[in-house]
Amino acid sequence: MDYYQIIKKPLHSEKSVGDRDLTNSYHFRVDKKANKIQIKEAIEKLFDVKILNVRTMNRGGKKRKYRNKVYKTSGWKKAVVTLKEGDRIDLGY
């Protein structure tokens, strides 16, 4: 799998900004089929950083209602990556 297919996009939320400042951790939305080793390798190659730890979690889809129909959105996978002290990823914000 290509590195750009594994890493979908960085997540920018209040919690991710706090983790970035306090623990040097970054949150990413990743492909559902990617494992921790593939995620670690992709981020190290794309951003040229050293990774200490990768945590992943599967986020379930939510129920949504549109007019009189109820449907469920698809789930997704989130990865929290902790970098070595002194390494940074410039995400542009």
Side-chain angles (χ1 to χ4, degrees):
M1 200 178 314
D2 185 29
Y3 297 142
Y4 293 103
Q5 292 176 343
I6 294 173
I7 307 301
K8 301 281 186 193
K9 66 178 182 176
L11 298 176
H12 185 66
S13 64
E14 192 172 339
K15 183 172 184 175
S16 66
V17 171
D19 281 350
R20 184 181 67 207
D21 295 337
L22 295 176
T23 62
N24 203 20
S25 298
Y26 292 83
H27 298 217
F28 292 94
R29 185 173 185 161
V30 296
D31 189 72
K32 283 184 179 182
K33 297 176 186 172
N35 59 26
K36 291 182 181 185
I37 297 167
Q38 291 173 329
I39 294 168
K40 178 179 179 180
E41 184 179 293
I43 293 177
E44 283 181 343
K45 297 289 183 186
L46 290 175
F47 297 108
D48 194 31
V49 292
K50 179 68 177 156
I51 294 178
L52 298 178
N53 188 18
V54 177
R55 295 175 290 163
T56 60
M57 58 202 81
N58 288 312
R59 308 295 302 191
K62 297 180 179 180
K63 289 184 180 179
R64 297 286 185 212
K65 190 173 182 180
Y66 180 70
R67 295 188 180 174
N68 288 333
K69 298 184 184 201
V70 177
Y71 65 96
K72 187 176 179 185
T73 60
S74 62
W76 52 285
K77 191 170 193 176
K78 176 181 179 178
V80 179
V81 178
T82 305
L83 302 181
K84 186 182 85 170
E85 189 65 36
D87 282 350
R88 306 299 280 171
I89 295 177
D90 183 23
L91 298 175
Y93 46 77

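- At a threshold of 4.5 Å between side-chain heavy atoms, the hydrophobic network of Ile, Leu, Val, Met, Phe, Trp and Tyr places Phe28 and Val80 in two separate groups.
- The hydrophobic cluster containing Tyr66 does not contain Val70, counting ILVMFWY residues as joined when their side-chain heavy atoms lie under 4.5 angstrom apart, directly or transitively.
- The shortest distance between side-chain heavy atoms of Arg20 and Val17 falls below 4.5 Å.
- Considering all non-hydrogen atoms of both residues, Lys72 and Gly61 come closest at CE-O, 3.5 Å.
- Tested against Tyr71, the residues Arg64, Lys63, Lys62, Lys65 include a single side-chain contact (heavy atoms from CB on, under 4.5 Å) partner, Arg64.
- Between the CD1 atom in Ile51 and the CD1 atom in Ile39 there is a gap of 9.5 Å [rounded to 0.5 Å].
- Taken to the nearest 0.5 Å, the CZ atom of Phe47 stands 9.5 Å off from the CG atom of Asp90.
- Put simply, Ile37 and Leu46 are part of two different groups of oily side chains (I, L, V, M, F, W, Y) that touch within less than 4.5 Å, one to the next.
- Salt bridge Asp31/Lys77: absent, no basic N to carboxylate O contact under 4.0 Å.
- Between Thr56 and Val30, every side-chain heavy-atom pair lies at or beyond the 4.5 Å cut-off.
- Counting heavy atoms from C-beta on, the side chains of Lys33 and Ile6 never come closer than 4.5 Å.
- Checking each of Val49, Leu52, Asp48, Thr82 against Asp87 for a side-chain contact (heavy atoms from CB on, under 4.5 Å) leaves exactly one that passes, namely Val49.
- Between Arg88 and Tyr26, some side-chain heavy-atom pair lies under the 4.5 Å cut-off.
- Between His12 and Leu91, the closest side-chain pair of non-hydrogen atoms is not below 4.5 Å.
- For the pair Val81 and Ile89, the minimum side-chain heavy-atom distance is 4.5 Å or more.
- A side-chain donor-acceptor contact under 3.5 Å links Gln38 to the backbone of Asn35.
- At least one side-chain heavy atom of Lys50 sits less than 4.5 Å from a side-chain heavy atom of Glu44.
- With rounding to the nearest 0.5 Å, the separation of CZ in Arg59 from NZ in Lys32 is 13.0 Å.
- Under a 3.5 Å cut-off, the side chain of Ser16 and the backbone N or O of His27 do not form any donor-acceptor pair.
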